[in-house]
Participant: 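Provided herewith is a single structure, encoded as structure tokens, for subsequent inquiry.
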Amino acid sequence: MNEEFHYKNGELYCEDVPVQQIAAKAGTPVYIYSQNHFLKQHESIVQAFKNVEPLVCYSVKSNSNLGILRAMALAGSGFDAVSKGEIYRALRAGAEPNKIVFAGVGKTPDEIDYALEQGILMFNVESEAELDTISKVAAKRKTEAPIALRINPDVDPKTHKYISTGKRENKFGIDLSRAEACAKRIKELKNLRLRGLHIHIGSQITQDDRHAEAIDKVTPFIKKLKEQDFPLEFLNVGGGYGISYHPGEGLPINDFATKMVPKIKALGLKMLCEPGRFISGNGGILVTQVIYDKPSGDKNFLIVDAAMNDLLRPSIYQAYHLTWPVKHKGLADGAALGDNSLLEKEEAIKDGTTYDVVGPICESGDYFALGRKLPTMNDGELLAVFSCGAYGMAMASNYNTRGRPAEVIVDGDNYWVARERETIEDQIRGERLTPRELNQAKA
Ligand code: LLP
């Protein structure tokens with residue numbers, strides 16, 4: 001259960017602050033984050049894996065707000081980055097460079113050079129060609145590049161096909177059959193130091209044995225590397241730990257750790273992991289205001305001021321997000337996300353209306369909830385879309401020239417705007433009208 005977002009006197013709170021108060025100050029749509037949720041989730045992983053000296057590298061891509069990264073850095077977290085920009089963000093937020101890992105199938109020489117200059121912990125290398133490029137860039141800098149090989153273990157993570165990364169047909173990681181050739185290449189190249197092995201098999205994984213199977217698949221290769229005297233220190237088991245979008249769903253972290261710890265221990269390696277969603281997902285909501293109620297055809301469309309540019313997940317993954325009024329008298333005190341009483345209410349509403357909750361964008365895929373029974377809502381009232389802390393703002397765009405929403409962080413009874421709402425001027429910065437000379441030439 002997630003107590004950080006809960007109802008009191010029929011009103012939604014984030015930690016100790018009424019959500020309506022935040023929306024009145026910051027406007028809508030607005031992302032609201034519970035800082036303590038992020039810290040609590042981070043700590044739960046540290047505790048579950050304490051016997052294998054875990055280094056948790058929070059996955060920046062899931063929520064890269066600087067204030068969030070700052071809180072994570074202060075909690076001792078490392079960072080998993082996938083671009084120069086994410087490394088920059090982490091460093092700006094106070095990350096220790098030697099707690100940053102850098103993954104991605106298309107790292108450019110410029111990005112590699114930047115990461116080497118900053119002194120990151122290691123590159124998670126995804127191809128033979130990348131080994132050569134990292135080696136060249138490191139040679140230019142007259143330095144040794146720390147790397148891990150990201151292996152594709154060909155394991156089915158049993159998740160949405162767009163977020164599966166560990167099956168053979170996916171573009172990620174090095175095929176096991178090519179891994180030994182890579183090890184040989186590392187020896188030849190001299191200025192690469194193989195410090196670890198990396199696997200990341202997908203996202204929103206809810207079965208506790210998927211990662212363990214991946215470890216089993218790579219164990220023979222790890223043993224071979226050790227026999228060949230590679231100085232391996234880390235096993236990076238990736239991220240992908242699922243959360244509850246529906247009550248009761250999600251990866252049980254302690255059962256998961258019970259399956260993983262003996263395997264990691266037997267290999268004599270330190271554990272590194274890269275959770276994003278597990279830390280951020282249920283730490284954020286998107287608050288939006290009802291603009292119009294539009295009965296049409298056989299439906300009731302509830303048109304709200306947030307849209308698919310603010311939260312893309314329903315449109316592209318048909319993702320379910322619990323959506324509920326910020327104020328609703330019928331709700332039991334303490335009802336919280338993940339608490340069945342909230343969903344039971346959703347099913348049992350007597351005075352409700354079945355809505356399609358949609359945004360103002362010119363696409364039929366612009367929706368948050370389809371055919372959902374909610375208490376009947378009026379124009380101007382607020383709706384909360386839950387479980388939006390991961391891949392919400394991080395995937396927001398300016399489609400339809402809409403400014404991205406503001407982001408607010410709550411810590412106990414304090415809150416602050418951690419990122420201003422984007423203005424139209426912010427959006428057109430860098431754009432140019434046709435240069436005058438060209439217009440004159442045409443005339
Ligand atoms: N490590 C690597 C190498 C990754 O590619 C990812 C996510 C993570 C860690 C963190 O995964 P997490 O713990 O958050 O599952 N936009 C999609 C999710 C894409 C995940 C991409 N990679 C969504 O909204 O569901």
Side-chain angles (χ1 to χ4, degrees), residues 31 38 41-42 44-45 55-64 68 72 77-83 86-87 90 100-107 121-127 130 148-153 157-167 170-174 196-207 210-211 214 234-245 249-251 253 256 271-284 286 308 310-321 368 385-397:
Y31 277 100
F38 284 70
Q41 294 296 98
H42 172 262
S44 74
I45 302 178
L55 173 60
V56 179
C57 292
Y58 166 67
S59 195
V60 175
K61 66 172 81 65
S62 76
N63 184 325
S64 54
I68 292 292
M72 297 303 297
S77 181
F79 296 91
D80 156 50
V82 77
S83 66
E86 286 192 350
I87 298 174
I100 297 178
V101 292
F102 185 12
V105 293
K107 302 175 196 81
L121 178 61
M122 57 193 155
F123 296 86
N124 293 329
V125 178
E126 309 228 15
S127 64
E130 188 187 328
L149 284 179
R150 175 171 180 179
I151 302 293
N152 181 323
K158 305 211 169 117
T159 183
H160 193 291
K161 66 173 189 292
Y162 288 179
I163 50 178
S164 157
T165 52
K167 283 164 78 175
N170 299 134
K171 69 178 172 183
F172 301 96
I174 294 165
L197 223 81
H198 175 222
I199 39 180
H200 171 76
I201 57 174
S203 199
Q204 184 54 13
I205 300 169
T206 52
Q207 295 189 12
R210 304 292 74 211
H211 295 76
F234 296 98
L235 177 62
N236 180 345
V237 300
Y241 319 151
I243 58 161
S244 58
Y245 288 97
E249 185 183 48
L251 188 74
I253 194 72
F256 173 63
M271 185 226 191
L272 205 148
C273 64
E274 309 169 334
R277 187 191 321 257
F278 186 83
I279 290 175
S280 54
N282 277 328
L286 174 64
M308 65 191 281
D310 304 305
L311 176 70
L312 192 56
R313 303 193 73 257
S315 306
I316 63 170
Y317 312 122
Q318 296 76 50
Y320 172 88
H321 285 263
F368 296 113
V385 184
F386 288 86
S387 311
C388 291
Y391 308 108
M393 183 63 171
M395 290 169 71
S397 77

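Each ligand, and each atom within it, is numbered from 1 in the order the structure gives.
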Participant: Looking at residues at least two apart in the chain, or sitting in another chain, which of them share a side-chain contact (heavy atoms from CB on, under 4.5 Å) with Thr159?
Facilitator: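 Pro157, Ile163, Ser164, Gln204.
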
Participant: Who passes side-chain contact (heavy atoms from CB on, under 4.5 Å) against Ser280, sequence neighbours left out?
Facilitator: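 Counting only residues at least two positions away or on another chain, Ser280 forms a side-chain contact (heavy atoms from CB on, under 4.5 Å) with Phe38, Tyr58, Ser62, Asn63, Ala390.
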
Participant: Would you check if there is a donor-acceptor pair between the side chains of Tyr320 and Arg313 at a distance under 3.5 Å?
Facilitator: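 Absent: no donor and acceptor within the cut-off.
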
Participant: Are a donor atom and an acceptor atom from the side chains of His198 and Glu274 found within less than 3.5 Å of each other?
Facilitator: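 Short answer, yes.
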
Participant: Should the pair Glu86-Lys61 be classified as a salt bridge under the 4.0 Å nitrogen-to-oxygen rule?
Facilitator: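 Looking at Glu86 and Lys61, the cut-off is not met.
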
Participant: For Leu251, what residues pass the side-chain contact (heavy atoms from CB on, under 4.5 Å) criterion, not counting sequence neighbours?
Facilitator: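 side-chain contact (heavy atoms from CB on, under 4.5 Å) list for Leu251, sorted by chain: Asp208, Tyr241, Phe256.
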
Participant: Tell me the residues surrounding ligand 1, counting only those with a heavy atom closer than 4.0 angstrom, sorted by chain and number.
Facilitator: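 The answer is Ser59, Lys61, Asp80, Arg150, Ile163, His200, Ser203, Gln204, Gly239, Gly240, Glu274, Pro275, Gly276, Arg277, Arg313, Tyr317, Tyr391, Met395, counting any residue whose heavy atom sits under 4.0 Å from ligand 1.
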
